[in-house]
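Data block below; observations after.
In what follows, chains carry the letters A, B, and so on, assigned in the order in which the sequence lines appear, proteins first and then strands, with residues in each chain numbered from 1.
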Number of protein chains: 2
Amino acid sequence: MPPATTISERAATDIAALASQLRIAVARTARTLRREAGEGITPTLMCALATIEHHGPMTVGALAEHERVTKPTVTRTVHALVDQGLVVRTGDLDDGRVAWLTLSADGRRLVQRVRRRKDEYLARRLRGLEPAEIEALQRAADVLARIEDEA
Amino acid sequence: MPPATTISERAATDIAALASQLRIAVARTARTLRREAGEGITPTLMCALATIEHHGPMTVGALAEHERVTKPTVTRTVHALVDQGLVVRTGDLDDGRVAWLTLSADGRRLVQRVRRRKDEYLARRLRGLEPAEIEALQRAADVLARIEDEA
DNA sequence: TATTGTTATACTCTATAACTATA
DNA sequence: TATAGTTATAGAGTATAACAATA
C-alpha cells in the first residue's frame with residue numbers, strides 16, 4: 001500500500017508534471033504554427049500587425065509592451081511595415097513625442113488572409129479528434145488565454 | 001428555430017473557431033515561456049540540448065530533422081554547445097561522414113536545472129486553477145503532443 | 001528632469017549555395 | 001553518384017547604450 005498523501009500533495013505533484021508536459025507541447029505546437037504563416041511575411045511582422053489590428057491605434061511604446069520587446073525593436077519592425085504599406089504612422093497632434101500606428105487597408109486584408117490560412121492549417125490537424133478531445137482543447141485555450149492575460 | 005445542422009457541420013464550425021483561439025493562446029504562452037529559460041542559455045541552444053537528452057545519441061542530420069531546421073543551422077548550434085562544454089561530438093567508427101552528439105555531464109545538469117526552472121514558473125501560473133481546468137489542460141497537452149508526433 | 005521614440009552597434013538564429021569527405 | 005556534414009554569405013530579429021525631441 002502506497003503512503004497516504006493529502007489532496008494538496010497530490011495536486012502539487014500533478015501540477016508539476018502537467019507544467020512540464022504542457023510546456024513541451026505548447027513550445028512544439030507554436031513552433032509548427034510559426035512556420036505556417038506563408039504570404040511572404042515573417043512571424044514577427046505578422047504578430048505586430050495582428051496586435052495593431054486587434055487593439056486599434058497604438059503608440060510605439062504600447063506595441064513594445066504588448067509584444068514584450070524593446071522599443072528599438074518596435075521601431076525597426078514598424079519601419080518594415082510602413083515600407084511595405086501595411087501600417088500608417090501618424091504623429092500625435094498634442095504630444096509631439098508620440099507616434100500612432102494603424103493598419104492600412106492592405107494591412108487589414110493581409111491580416112485576415114494569413115489568419116484564415118493558419119486557422120485552416122490547425123483545423124486540418126484537429127479534424128478526426130474525439131469530441132471529448134476537442135472540448136478539452138477548447139477549455140485549455142480558454143484557460144491559457146486567461147492566465148496570460150493575468151501576467 | 002435555427003436551421004437544422006448535421007453533426008459534421010456543427011463540428012466543422014466549432015473546430016474552425018477553436019483553431020483560431022488555440023493558435024493565439026499557444027503562441028502567447030510559448031512566447032512567455034521562451035523568456036523564462038534564464039541560465040544565460042538561449043532558447044535555441046536549450047531546445048537542441050533537451051532534444052539530445054530526450055533522444056539519446058543523435059546525428060547532426062537527425063537533430064536537424066527533429067528541430068525542423070537545416071543542417072547548416074544545426075552545425076552552428078552544435079558548435080556553440082560543444083564550445084560551452086555542454087555537448088560532445090564523436091565521429092562514427094564505421095561511417096566517416098557521420099557525427100554523433102551526446103550530452104556532457106554539464107549539459108545534462110543544465111538541462112535538468114533549466115527544465116525545473118521553467119516548470120516551476122508554469123506551475124506557479126497553474127496553481128489556483130479549478131481541478132476541471134487542470135484536467136482540461138492535461139488532456140490538451142496529451143492531444144497536442146500526439147498531433148505533433150503525427151506531423 | 002522624465003518620457004517617447006530613434007540611431008548605432010553587436011549578437012543570435014536562420015536559410016541557400018557551394019564545398020569537402022566519405023560511401 | 002549520393003549522402004553527411006561544413007563553410008561562406010546574407011537577412012531577420014533582438015538587445016543595450018547613447019541620443020534627440022518634447023513635456
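Following rounding to the nearest Å, A/Leu63 (CG) and C/dT4 (P) show an atom-to-atom distance of 14 Å. We find that CD of B/Glu65 is positioned 10 Å from P of D/dA4, with the value rounded to whole Å. Rounding to whole angstrom units, CE of residue B/Met46 and P of C/dC13 are separated by 13 Å. The interatomic distance linking A/His79 (NE2) with D/dG11 (P) rounds to 16 Å, in whole Å. At whole-Å resolution of the value, CG in B/Leu81 and P in C/dT12 are 12 Å apart.
Looking at the side chain of B/Thr59, the nearest of the listed nucleotides D/dG5, C/dC13, C/dG5 is D/dG5. Listed nucleotides C/dT16, D/dG13, C/dT6 differ in distance to A/Thr44; the shortest reach to its side chain belongs to D/dG13. Considering only the side chain of B/Leu45, C/dC13 comes nearest among C/dT14, D/dG13, C/dC13.
Counting any heavy atom pair closer than 4.0 Å across all strands shown, B/Asp92 reaches no nucleic acid atom.
Side-chain contact check for A/Asp142 versus A/Arg146: every heavy-atom pair is 4.5 Å or farther apart. Side-chain contact between B/Met46 and B/Val111 is present, with heavy atoms from C-beta onward closer than 4.5 Å. Taking the side chain as every heavy atom from C-beta outward, A/Met58 and A/Thr51 approach each other to under 4.5 Å. Considering only heavy atoms from C-beta on, B/Leu103 comes within 4.5 Å of B/Val87 through its side chain. Counting heavy atoms from C-beta outward, A/Leu129 and A/Leu137 have side chains that approach closer than 4.5 Å. Using a 4.5 Å heavy-atom threshold, the side chains of A/Val143 and B/Ile134 count as separate. Contact check for A/Glu67 versus A/Thr73: no side-chain heavy atoms found under the 4.5 Å cut-off. For the pair A/Leu49/A/Val114, no side-chain contact is recorded, criterion being any heavy-atom separation below 4.5 Å from C-beta on.
Here A/Glu53 contributes atom CD and A/Leu110 contributes atom CG; the two are 10.5 Å apart, rounded to the nearest 0.5 Å. Taking CZ of A/Arg89 as the start and CG of A/Leu81 as the end, the distance is 12.5 Å to the nearest 0.5 Å.
Counting only distance, with no hydrogens or angles, the side chain of A/Thr59 and the backbone of A/Val98 share no donor-acceptor pair below 3.5 Å.
DNA chain C is contacted by A/Arg97, A/Val98, A/Ala99 of residues 95-102 of chain A, taking any non-hydrogen atom closer than 4.0 Å. For DNA chain D, the neighbouring residues in residues 71-78 of chain A, judged by any heavy atom under 4.0 Å, are A/Pro72, A/Thr73, A/Arg76.
Over its length, the helix from C/dT1-D/dA23 to C/dA23-D/dT1 turns its helix axis by 10°, as judged from the five terminal pairs at each end, rounded to 10°.
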> Are B/Arg139 and A/Arg139 close enough, and set up right, to give a side chain to side chain contact (heavy atoms under 4.5 Å, CB included), and what steps lead you there?
Replying inline: CA-CA 10 Å; B/Arg139 299 193 62 161; A/Arg139 299 193 63 162; over 6 Å; no

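Taking 4.0 angstrom as the limit, B/Thr70 places a side-chain polar atom (N or O) nearer than this to OP1 or OP2 of C/dA15. The side chain of B/Arg89 places an N or O atom within less than 4.0 Å of a non-bridging phosphate oxygen (OP1 or OP2) of D/dT6.
Along DNA chain D, the nucleotide closest to A/Ala80 and the one closest to B/Ala62 are compared, and the more 5′ of them pairs with B/Ala62.
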